[in-house]
Amino acid sequence: MISEVGYKISLTIITYWSWWWEVNNQQDKLARTVLTVSVPTLLFVWFLWRLSYSRKDRIHLPPGPSGLPIIGYLPFLTSNLHESFTEMAHKYGPIFSLRLGSKLHVVVNSIDLAKVVAREQDSTFANRGPPLTGLIITYGGMDLVWSNNNTHWRNVRKLLVSQVLSNTNLNSCQGFRTHEVRKTVKEVYTKIGTKIDINKIAFDTELNVVTNMLWGCSKSSEGNDFGDILDGFREVEFKIIELMGTPNISDFIPFLSRFDLQGMQMEMQRQFEYVERVFDYIIEGKMKVDSNEIDEAVAKDVRKDFLQILLEIKDKKNDPKSFNIIHIKALLINIVVAATDTTSTMVEWVMAEILGHPGVMKKVQDELTEVIGMNNIVEESDLPKLIYLDAVIKETFRLHPPLPFLIQRCPDESCRVGGYTIPKGTIVYINVWAIQRDPQNWTDPLEFKPERFLNHKWDYNGNNFKFLPFGSGRRICPGIPLGEKMLVYILASLLHSFEWSLPKDEEFELSDKFGFVTKKRKPLIAIPSQRLPDANLCLC
Ligand code: HEM
């Protein structure tokens, strides 16, 4: 029907155009040529655009806004994408689609449909559909986050879970965590009365713990120059995360990717070169360690670090294609980035919510006083007893999930969700931000009420689709045990050792800035003062 009307209109225009061409006696040949070329081109584009709509009707895509020819809805995207997608969900319903350039995107906004994607059809939706910037920083998706659901991804994920994130390994690394958290407390103590950037101290603490677990050395280890090398890592990581979360026209109109119109690929390449230099240095250092030295260390019951294990696996494999140094670097980059920015962002959000709710601050500190005592410092073994703090963290995750759409999924074949067709290759987002603020799922959804998490029903394992800050299904975050431990440990230590207040000249606010990791728009700056009667407790 649409193409019939289009055909008639174009026939009329072409007839008129031929007549005009013949009778017009203009001398300006260039202008005539340009007009002659551009009119059929525009007609062709118009046809394609209409055709895509008649196809949309035929294959019954989810409803959504129309957008413009070729570029689709791109010009209407706003910078706070989680807010605009949630507004669109109010207009179009629990599932909607939008075309960005040539790519179809689908946003799922309800518990029932999230379950269809991440549980019932988990294997169909287990690919990622990575952005170009994600591919640049991971050697073309050789990592865990952007890799498709294939044998390599399964093997590497198994390795990470069994060798780094298993209970046994996490227990054997307890010393690193204790050392780093106490070092942070000591550092804060030296800055009592001054302004502290909460994200920065949490980031450095987590970075040191993770690098210790991965290659046995941290930024602050004595007698090495990792410190100098890792200086500036936070800024680089922020840039990487920012580039991965910014819409890039090259992803939506692939033939434009060679022009890199926003300069994002070039910028990511620059970050990649820095990160690769860091990891080359670390790996070279590790490879120089004599195998006798390693054997001696193991004989003394010193655990092997993850990098040593990975290098051994690489050497044992006969096939360099299946596991080589590129895979190792991609994986290390992945883990460091995935662990640090998420954890520090959450520490900052929790501290911000607590500082904004004095009643909550009092309850958290009363619990710390009761469980830990004013003459002790926090030990890791105390953490499971901090029930109220745990509820505060979960309530913060509900209102500020650091990855508001999780990480995009991409079906490997056409399928149906909510009665609509989702074609193969569509980019699919699970809008956790909308689900966790939906009044159908939560009473007073915009209020900060940690009490709703006090009934022990809640965990991070992605089984209750009302609450999915770490995702769900086979691509769920594998770092939950470490992420959770570090969050509670850092927060409990900061809140038990110090009183915190906001600087008088800073206006308190809780607005966020959308990104791959969605952070506080303005960094949280707070001032510590002494809380424990014996200051030496902060110095041990
Ligand atoms: C507060 C801390 C953290 C949060 C909120 C968080 C959140 C997430 C989310 C939402 C996903 C995507 C899940 C999905 O698509 O369903 C994810 C994936 C991932 N996370 Fe985390 N994460 C955290 C800490 C960590 C840590 C500590 C590590 C590693 C030690 C880690 C490693 C990863 C990896 C490798 C993936 C990709 C998994 C895959 O695609 O198979 N994360 N994370």
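As the structure lists them, so they are numbered: ligands from 1, and atoms in each ligand from 1.
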Any idea which protein heavy atom is nearest [atom], and the distance to it?
atom	result
atom 21 (Fe) of ligand 1	C477 SG, 2.3 Å
atom 35 (C) of ligand 1	L144 CD1, 3.7 Å
atom 4 (C) of ligand 1	F470 CE2, 3.3 Å
atom 19 (C) of ligand 1	P478 CD, 3.7 Å
atom 28 (C) of ligand 1	G479 CA, 3.6 Å
atom 27 (C) of ligand 1	A339 CB, 3.4 Å
atom 30 (C) of ligand 1	I335 CG2, 3.7 Å

Those atoms of ligand 1 less than 4.0 Å from some heavy atom in [X]:
X	value
S472	16 (O)
V145	36 (C), 37 (C), 40 (O)
P402	5 (C)
W153	39 (C), 41 (O)
A338	24 (C), 25 (C), 31 (C), 32 (C), 33 (C), 42 (N)
P469	7 (C), 10 (C)
F397	1 (C), 5 (C)

#### Entry: R128 touching ligand 1 at heavy-atom level, < 4.0 angstrom
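Flag set, R128 near ligand 1.
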### Task
Report yes or no: does W146 have a heavy atom closer than 4.0 Å to ligand 1?
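For ligand 1, residue contact (heavy atoms, under 4.0 Å) with W146 is absent.
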### Message
On a heavy-atom basis, which atom in R521 and which in K513 lie closest, and how many Å separate them?
### Response
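R521 and K513 have their closest heavy atoms at NH2-CA, 3.8 Å.
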### Query
Of all heavy-atom pairs between P523 and E348, which one has the smallest distance, and what is that distance?
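Taking every non-hydrogen atom into account, CA-OE2, 3.2 Å.
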### Message
Using the ring centroid of each side chain, check whether F514 and F405 are separated by less than 6.0 Å.
### Response
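Yes; F405 has its ring centre under 6.0 Å from that of F514.
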### Task
Check whether the ring centres of F252 and H105 lie less than 6.0 Å apart, and answer yes or no.
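Yes, close enough.
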### Query
Can you check side chain to side chain contact (heavy atoms under 4.5 Å, CB included) on L524 and N199, steps first, answer last?
CA-CA 7 Å; L524 177 68; N199 184 299; over 6 Å; no
Under 3.5 Å, is there a donor-acceptor pair linking the side chains of [X] and [Y]?
X	Y	answer
Q269	E273	yes
H179	N212	no
N149	R128	no

### Task
Nearest heavy atom to atom 38 (C) of ligand 1 wins, so pick from R157, H400, M486.
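Shortest heavy-atom distance from atom 38 (C) of ligand 1: R157.
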#### Entry: Nearest candidate to atom 23 (C) of ligand 1, where distance is taken over non-hydrogen atoms, out of T343, V337, T342
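Nearest heavy atom to atom 23 (C) of ligand 1 lies in T342.
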### Message
So that I can tick it off, tell me whether K522 and E509 are bridged by a salt bridge, with the cut-off set at under 4.0 angstrom between side-chain N and carboxylate O.
### Response
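No, E509 and K522 are not salt-bridged.
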#### Entry: Side chain N127, main chain D412, donor-acceptor under 3.5 Å
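Absent.
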### Query
Are the side chain of Q121 and the backbone N or O of R416 linked by a donor-acceptor pair below 3.5 Å?
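Pair found, side chain donor or acceptor close to backbone of R416.
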### Task
Would you verify whether the NZ or CZ of K239 falls within 45 degrees of the ring axis of Y274 while also being under 6.0 Å from that six-membered ring's centre?
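No, K239 does not sit over the ring of Y274.
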Compute the shortest N/O to N/O distance between [X] and ligand 1 and return yes if it is under 3.5 Å, no if not.
X	result
R474	no
N334	no
R475	yes

### Query
So W442 and F467, would you call those rings parallel, tilted or perpendicular, with 30° and 60° as cut-offs?
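Because their plane-to-plane angle is over 60°, the rings of W442 and F467 count as perpendicular.
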